[in-house]
Number of protein chains: 2
Amino acid sequence: MLSQRGRYALKALLNLARHDGEPRQVSVIATDEQIPRKYLEAIMSDLRRAELVDSTRGWSGGYRLARPADLITFGEVIRLTDGPLALLPCASRNFYRRCDDCVDEAACAIRRVMASVRNEVSEILDRTTIADAIANSPAAAAMLDSEPARAPDA
Amino acid sequence: MLSQRGRYALKALLNLARHDGEPRQVSVIATDEQIPRKYLEAIMSDLRRAELVDSTRGWSGGYRLARPADLITFGEVIRLTDGPLALLPCASRNFYRRCDDCVDEAACAIRRVMASVRNEVSEILDRTTIADAIANSPAAAAMLDSEPARAPDA
DNA sequence: CCAGTTCCTACTTGTTGACTATGAATTGAA
DNA sequence: TTCAATTCATAGTCAACAAGTAGGAACTGG
């Protein structure tokens with residue numbers, strides 16, 4: 001499960017992307033997206049340290065995306081807030097860690113399955129950008145069936 | 001991330017599947033798979049309540065699979081021990097729950113992405129069975145590239 | 001009746017997620 | 001130069017949960 005923190009981070013970045021251009025204050029985003037202001041402040045600090053957003057302080061300060069929205073992937077954000085995408089540390093590429101009680105990693109049947117899951121998940125999340133997400137939003141969704149979002153689902 | 005509990009449950013079921021036939025005791029599985037005995041006991045109880053295994057007590061008691069190994073999927077086990085596969089409750093099919101702060105679920109860009117992730121994940125995990133996993137294990141892995149496990153990976 | 005097993009309830013212990021509080025540092029406007 | 005609005009940093013709280021442990025009751029074949 002994605003943490004609340006991760007969900008908030010994504011919502012905030014989407015919000016920034018939708019109102020591109022001038023800096024946007026934490027308080028504005030917070031009320032927009034129904035996020036506790038102080039908590040969001042901490043999250044935005046993380047995003048800044050990770051160089052996903054830029055900040056300016058003082059009078060009309062706030063945050064904006066540090067790069068174009070089509071260069072920020074879901075995968076990057078989620079790895080930042082929630083750590084590995086993989087279901088097991090030993091199946092993670094970015095956060096690899098051996099299981100302490102694992103006898104023979106190469107022969108581990110569980111690991112093999114989890115690795116294929118991780119492949120599919122990161123395939124989607126590292127391909128899908130913030131820009132993609134806002135592109136197929138509310139109204140647009142019905143008209144076009146673009147490539148990135150695979151299943152219409154419900 | 002999968003919980004330790006979930007990993008143990010999978011290991012235990014694989015162990016049962018490999019030694020099919022007569023009942024196998026918790027203590028045996030525990031030493032085989034490096035799992036704390038008492039903890040495994042609790043896990044096995046859960047698996048029994050979920051009707052994944054059968055138990056007999058007393059003298060030469062123990063556990064065996066309640067069904068053929070090719071009718072037990074990773075998905076079922078993981079949902080039992082770890083809850084939803086989906087990254088968000090609102091993107092789960094089996095454990096659906098609305099996000100409390102969600103304004104318009106149908107228009108939610110994040111949900112759409114997470115739903116497609118969930119589709120891929122459950123596609124794999126609900127298709128892959130315990131039998132599949134032991135089929136492509138140690139030696140077998142090199143010779144045949146069967147269908148279920150997609151990526152060799154590393 | 002007994003030894004070996006499962007089964008059940010409760011407890012402990014450490015970690016973490018989700019905030020909250022307080023205030024310092026910065027910066028444009030008045 | 002002062003002021004108000006912002007970001008930034010550190011620390012603290014609180015509840016929930018994961019990962020075990022403890023102790024013993026219930027059952028069952030020998």
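It should be emphasised that the depicted structure is a prediction, and the values quoted were computed from it without experimental measurement. A, B, ... follow the sequence lines: proteins, then strands. Residue 1 opens every chain.
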When you look at A:Glu76 and A:Leu80, which way does the side-chain contact (heavy atoms from CB on, under 4.5 Å) test go after all the steps? CA-CA 6 Å; A:Glu76 185 175 3; A:Leu80 176 67; 5.9 Å; no
Which is it for B:Asp32 and B:Arg24 under the side-chain contact (heavy atoms from CB on, under 4.5 Å) test, yes or no, and what are the steps along the way? CA-CA 11 Å; B:Asp32 264 22; B:Arg24 202 165 171 71; 2.9 Å; yes
Suppose we screen for side-chain hydrogen bond (donor to acceptor under 3.5 Å, both in side chains). Which residues come up paired with B:Asp54, at least two apart in sequence or across chains? none
To the nearest 10 degrees, how far apart in direction are the end axes of the helix from C:dC1-D:dG30 to C:dA30-D:dT1, each fit to five base pairs? 10°
CG-OG1 distance between B:Leu125 and B:Thr73, expressed to the nearest 0.5 angstrom: 8.0 Å
Set out, in order, the CA-CA distance, both residues' side-chain angles and the distance that settles side chain to side chain donor-acceptor pair (under 3.5 Å) for A:Asp132 and A:Thr129, then state yes or no. CA-CA 5 Å; A:Asp132 291 332; A:Thr129 67; 3.3 Å; yes
Among all residues two or more places apart in sequence or in another chain, which pass the salt bridge (charged side-chain N to carboxylate O under 4.0 Å, His left out) test with A:Arg37? A:Glu41
Could you check whether any side-chain heavy atom of A:Arg93 comes within less than 4.5 Å of a side-chain heavy atom of A:Ser122, counting everything from C-beta outward? yes
List the steps and the verdict of salt bridge (charged side-chain N to carboxylate O under 4.0 Å, His left out) for A:Arg127 and B:Glu120. CA-CA 14 Å; A:Arg127 172 167 44 83; B:Glu120 289 298 322; over 6 Å; no
So, are A:Arg7 and B:Asp101 salt-bridged, with charged N and O less than 4.0 Å apart? yes
Note: chain B reaches DNA chain C at heavy-atom distances under 4.0 Å over the stretch, first to last nt, 5' to 3', of C:dG4 to C:dC8
OP1 or OP2 of D:dA5 versus the side-chain N and O atoms of A:Ser60: is any pair under 4.0 Å? no
Between A:Ser45 and A:Tyr63, what is the shortest heavy-atom contact and its length? N-OH, 4.1 Å
Please list, by residue number, the residues of residues 24-42 of chain A whose heavy atoms come closer than 4.0 Å to an atom of DNA chain D; answer none if no residue qualifies. A:Gln25, A:Val26, A:Lys38, A:Glu41
Expected list for residues 46-54 of chain A near DNA chain D, using heavy atoms below 4.0 Å, is A:Arg48, A:Arg49
Hey, what do you get for CD1 (B:Ile72) to CG (B:Leu65), rounding to the nearest 0.5 Å? 4.5 Å
Euclidean distance, atom CG of residue A:Asp101 to atom C1' of D:dG20 [Å, nearest integer]: 14 Å
Distances under 3.5 Å only, N/O to N/O: pair up the protein atoms with those of nucleotides 25-27 of chain D.
none

Non-neighbouring partners of B:Arg64 that pass salt bridge (charged side-chain N to carboxylate O under 4.0 Å, His left out), sequence neighbours left out: none
With sequence neighbours left out, the residues meeting side-chain contact (heavy atoms from CB on, under 4.5 Å) with B:Asp82 are B:Leu2, B:Ser3, B:Ile78
Salt-bridge test for A:Arg18 and A:Glu33: reply yes if a basic N is under 4.0 Å from a carboxylate O, no otherwise. yes
Can a donor-acceptor pair be found, under 3.5 Å and without considering hydrogens, that links the side chain of B:Arg48 to the backbone of B:Ile43? no
Those residues that, when tested against A:Asp46, pass salt bridge (charged side-chain N to carboxylate O under 4.0 Å, His left out) (two or more places apart): A:Arg5, A:Arg49
List the residues meeting salt bridge (charged side-chain N to carboxylate O under 4.0 Å, His left out) with A:Asp126, not counting sequence neighbours, and say none if there are none. A:Arg79
For DNA chain C, determine which residues of residues 4-13 of chain B have any heavy atom closer than 4.0 angstrom to one of its atoms, and list them numerically. none
